[in-house]
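What follows is a short report on a single structure.
Everything numeric in this text was worked out from a predicted model, so none of it was measured. All values below come from the heavy atoms of this structure, side chains included, with hydrogens, waters and symmetry mates left out.
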Amino acid sequence: QVQLVESGGGLVQAGGSLRLSCAASGRTFSSYATGWFRQAPGMERAFVAAIGRIGGSTHYADSVKGRFTISGDNAKNTVYLQMNSLKSEDTAVYYCAQITGIYNIRVLTPWGQGTQVTVSS
């Protein structure tokens, strides 16, 4: 059973940066695409970014395009989300999951605890 653990969240001022990490055990990231999602208070969980299984193709939500970058390190079995130029509306709990693909996304793994990102204005 694969287990994903998110980390790297915190409190940051608007315009600042954070890098989130998603570490996997039980199954390598090279086997599946991986996505980042976020859930703000009172909102549905929403797609943020995804990276493909092979070749590292990426896909981003329009709201983060040009500010966030998703990447993977197969040797460390970890996927990252570099978040720059953060805005208050980026405040949310961030989750990662293995998914069927970077488009037409279906989540394959249970949700973890996530990591809280709070952007102060």
Side-chain angles (χ1 to χ4, degrees):
Q1 176 89 18
V2 66
Q3 185 172 6
L4 304 181
V5 178
E6 306 92 345
S7 63
L11 174 64
V12 63
Q13 288 189 330
S17 298
L18 282 174
R19 188 177 79 158
L20 306 184
S21 298
C22 174
S25 61
R27 185 161 66 199
T28 63
F29 277 120
S30 60
S31 300
Y32 292 88
T34 302
W36 281 98
F37 302 78
R38 66 187 181 186
Q39 187 168 21
M43 304 289 284
E44 297 282 329
R45 192 164 1 224
F47 167 75
V48 174
I51 187 166
R53 179 174 65 89
I54 298 174
S57 298
T58 57
H59 173 52
Y60 297 93
D62 288 344
S63 58
V64 306
K65 206 171 292 184
R67 300 188 299 122
F68 290 12
T69 303
I70 188 170
S71 63
D73 185 334
N74 286 332
K76 295 184 178 180
N77 213 24
T78 300
V79 169
Y80 303 100
L81 185 68
Q82 178 66 43
M83 307 186 297
N84 298 329
S85 302
L86 282 161
K87 306 175 181 180
S88 57
E89 51 262 44
D90 295 318
T91 294
V93 179
Y94 283 71
Y95 303 86
C96 63
Q98 293 192 319
I99 55 179
T100 50
I102 65 172
Y103 300 99
N104 297 317
I105 294 167
R106 185 167 62 89
V107 174
L108 298 171
T109 52
W111 297 112
Q113 291 189 330
T115 186
Q116 175 71 49
V117 172
T118 303
V119 184
S120 63
S121 56

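Every residue two or more places apart in sequence or in another chain that forms a side-chain hydrogen bond (donor to acceptor under 3.5 Å, both in side chains) with T118 is listed here: Q116. Scored by the side-chain hydrogen bond (donor to acceptor under 3.5 Å, both in side chains) test, N104 finds no partners at all (sequence neighbours excluded). Not counting sequence neighbours, the partners of N84 by the side-chain hydrogen bond (donor to acceptor under 3.5 Å, both in side chains) test are S17, Q82. For V117, the side-chain contact (heavy atoms from CB on, under 4.5 Å) partners are L18, L20, M83, Y94, V119, not counting sequence neighbours.
The local environment of CD in Q113 is sparse, with at most 12 non-hydrogen atoms from other residues, nucleotides or ligands closer than 6.0 Å.
The minimum heavy-atom distance linking A33 with G101 is given by the pair CB-CA, 3.9 Å. Listed here is the closest heavy atom pair of S21 and W36: O-CH2, 3.5 Å. Minimum interatomic distance between A92 and A40 (heavy atoms only, all atoms of both residues): CB-N, 3.8 Å. Residue I70 comes nearest to Y60 through the heavy atom pair N-OH, 2.9 Å, listed as atom of the first residue, atom of the second, then distance.
V64 places a side-chain heavy atom less than 4.5 Å from the side chain of R38.
Applying the side-chain hydrogen bond (donor to acceptor under 3.5 Å, both in side chains) test to every pair with at least one member in residues 65-75, sequence neighbours left out, gives these pairs: D62-K65, R67-D90.
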Show me, pair by pair, the donor-acceptor contacts under 3.5 angstrom made by side chains of residues 6-13, not counting sequence neighbours?
{"residue": "E6", "atom": "OE1", "partner": "G114", "partner atom": "N", "Å": "3.0"}
{"residue": "E6", "atom": "OE2", "partner": "C96", "partner atom": "N", "Å": "3.0"}

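Rounding to the nearest 0.5 Å gives a distance of 8.0 Å between NZ of K87 and OG of S63. Expressed to the nearest 0.5 Å, how far CG of L86 lies from OG of S121 amounts to 12.5 Å. Taking OG1 of T34 as the reference point, atom CG of L81 lies at 12.0 Å (rounded to 0.5 Å).
Counting side-chain heavy-atom gaps under 4.5 Å among Ile, Leu, Val, Met, Phe, Trp and Tyr, the cluster of I102 also holds Y103. Applying the 4.5 Å side-chain rule to ILVMFWY residues, one finds F47, V93, Y95, I99, I105, V107, W111 in the same cluster as F37.
Hydrophobic cluster membership is shared by V2 and I51, with clusters built from Ile, Leu, Val, Met, Phe, Trp and Tyr side chains linked at under 4.5 angstrom.
Under a 3.5 Å cut-off, the side chain of T109 and the backbone N or O of Q98 do form a donor-acceptor pair.
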